[in-house]
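Here the structure is a predicted model, which means the values were calculated and not measured.
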Amino acid sequence: MEEEEDEDDTFEDAVCNKTPARVNTPLSIITEAFENLADLLKPDITTEEDGLSLDAFCNACTHVSVLFSCLGFAFKFAEMEYISKVNDLVEASKTLDTLQNILDLDVEKDTVKTPGSRSRNLRRVRLGLDLIRAIFEKFLMTDEYSLKDAATTAYTEVCAPFHTWAVRTAVYAGMYTLPTRDQLLLRLDETEQSVEKNMRRYMEASRPIIEYIDKLYIERNIKLDW
């Protein structure tokens, strides 16, 4: 009888204590992908000569578009731009092995900053990753910090300096259509507790990747002001 009661208790615990950590939410999938990607940058796995796999980078980046989609109309342009740039890098991964290969090829052809070049597209994808990181950072500052405030500040810091006046105007106007904090949690299938954990995990995992990409440009005497 005691054993049956223990089994009942175990079943009840399993039903009642459903935690978000046991669910593959869009955000947790993205976070795990970037943690795996960041692991590839560890010295005992990747040497400077090896470089970061372009295929692995693209696999992680393809998951991020869902976050732009959750933000709605305000970031529709960012979503479209991001997806097109990632798709171009996916195509490049069929013939190029690493991120370094992209830059070295464009440096050789003197097309790094040419519109449509893969080095330029990599730069734009990097901005997209950093924009998401910055939005998460601002979003988690306080419970009262609205998504509109977080997104506006993040966009101003990360992307606005590189966008035309027309794009900036459209993005800022669209900020008023952003979902509320609760609506965002619902769209991401997260709770206040799980979203903070997963956002912080993404922030931590994406930072070395963003820094790594910047380093690739700097090492080739390419400024980051474009």
Side-chain angles (χ1 to χ4, degrees), residues 19-68 82-83 85-108 112 117-141 154 157-159 188 190 193-224:
T19 62
R22 297 167 63 182
V23 180
N24 286 326
T25 66
L27 185 52
S28 68
I29 292 172
I30 293 167
T31 295
E32 183 175 353
F34 275 87
E35 287 177 338
N36 292 337
L37 188 62
D39 284 343
L40 296 179
L41 290 177
K42 293 179 179 179
D44 56 334
I45 297 179
T46 301
T47 66
E48 189 169 339
E49 290 75 20
D50 292 334
L52 182 62
S53 164
L54 178 57
D55 186 55
F57 177 74
C58 290
N59 285 339
C61 290
T62 53
H63 294 293
V64 177
S65 59
V66 68
L67 294 179
F68 287 111
Y82 179 85
I83 291 175
K85 303 319 185 210
V86 171
N87 286 342
D88 182 64
L89 296 182
V90 170
E91 187 65 27
S93 70
K94 297 176 182 178
T95 56
L96 301 175
D97 293 329
T98 67
L99 271 62
Q100 289 95 314
N101 293 155
I102 287 179
L103 282 166
D104 289 339
L105 189 59
D106 279 333
V107 166
E108 183 180 338
V112 170
S117 76
R118 280 164 175 163
S119 292
R120 188 181 184 89
N121 289 346
L122 176 59
R123 173 80 180 140
R124 291 297 177 264
V125 170
R126 174 256 185 250
L127 288 176
L129 300 179
D130 200 21
L131 176 61
I132 294 297
R133 180 205 59 76
I135 290 175
F136 287 177
E137 182 178 73
K138 309 302 180 187
F139 185 77
L140 295 177
M141 281 185 171
E157 292 178 357
V158 176
C159 293
L188 293 175
E190 300 279 353
Q193 292 72 31
S194 68
V195 80
E196 178 174 356
K197 177 182 177 181
N198 285 325
M199 284 184 174
R200 292 195 185 283
R201 287 173 60 198
Y202 172 85
M203 289 160 54
E204 184 69 22
S206 64
R207 187 171 287 108
I209 296 165
I210 292 168
E211 292 174 351
Y212 174 80
I213 295 173
D214 286 348
K215 182 182 176 183
L216 292 180
Y217 288 89
I218 293 171
E219 287 178 340
R220 290 160 178 77
N221 296 316
I222 304 169
K223 295 182 178 179
L224 303 177

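Within the 3.5 Å criterion, the main-chain N or O of S119 finds a donor-acceptor partner in the side chain of Y217. Between the R220 side chain and the L216 main chain, a donor and an acceptor come within less than 3.5 Å of each other. Using modelled atom types, no side-chain atom of S65 and backbone atom of I83 make a donor-acceptor pair closer than 3.5 Å. Not a single donor-acceptor pair under 3.5 Å links the side chain of T31 to the backbone N or O of S28. Side-chain atoms of N36 never come within 3.5 Å of backbone atoms of A33 as a donor-acceptor pair (strictly under, hydrogens ignored).
Here CD of E32 is found 10.0 Å from CG of N198. Values are rounded to the nearest 0.5 Å. Rounding to the nearest 0.5 Å places OH of Y202 at 10.0 Å from CG of L27. Atom-to-atom distance recorded for D106:CG and N101:CG is 11.0 Å, nearest 0.5 angstrom. Atom-to-atom distance recorded for L41:CG and E211:CD is 10.0 Å, nearest 0.5 angstrom. A distance of 13.0 Å separates CZ in R201 from CE in M199, rounded to the nearest 0.5 Å. Separation of atoms OG1 (T98) and CG (D104) is listed at 7.5 Å; rounding is to 0.5 Å.
Annotation: side chain of I102 is not in contact with side chain of F57 (no heavy-atom distance under 4.5 Å). Residues K138 and E157 form a side-chain contact, since some pair of their non-hydrogen atoms from C-beta on lies under 4.5 Å apart. Residues L188 and L67 meet the side-chain proximity criterion, which asks for heavy atoms closer than 4.5 Å. Using a 4.5 Å cut-off on side-chain heavy atoms (C-beta onward), V195 and F136 make no contact. Between L103 and I222, some side-chain heavy-atom pair lies under the 4.5 Å cut-off. Counting only heavy atoms from C-beta outward, the side chains of R126 and L122 never approach each other to under 4.5 Å. Using a 4.5 Å cut-off on side-chain heavy atoms (C-beta onward), I213 and L52 make no contact.
Defined by atom type and a distance below 3.5 Å, a donor-acceptor pair is missing between the side-chain atoms of R118 and N121.
What you find for L54 and L89 is that their closest heavy atoms are CD2-O, 3.9 Å. Nearest heavy-atom pair across L131 and V158 is N-CG1, 3.8 Å. The two residues V112 and S117 have their closest heavy-atom pair at O-OG, 2.8 Å. Contact detail for L99 and S53: the closest heavy-atom pair is CD1-O, 4.0 Å. Between P208 and A38, the shortest heavy-atom contact is CG-CB, 4.2 Å. Residues I209 and F34 share a closest heavy-atom pair of CD1-CD2, 3.6 Å.
A salt bridge does not link D130 to R207: none of the charged nitrogens lies less than 4.0 Å from a carboxylate oxygen. A salt bridge links D39 with K42: the distance from a Lys NZ or Arg NE/NH1/NH2 to an Asp or Glu carboxylate oxygen falls below 4.0 Å. With salt bridges taken as basic N to acidic carboxylate O contacts below 4.0 Å, one links E137 and R133. Looking at R200 and E196, a side-chain N of the basic residue comes within less than 4.0 Å of a carboxylate O on the acidic one, giving a salt bridge.
Ring orientation note: the planes of F68 and Y82 are tilted relative to one another, at an angle of 30° to 60°.
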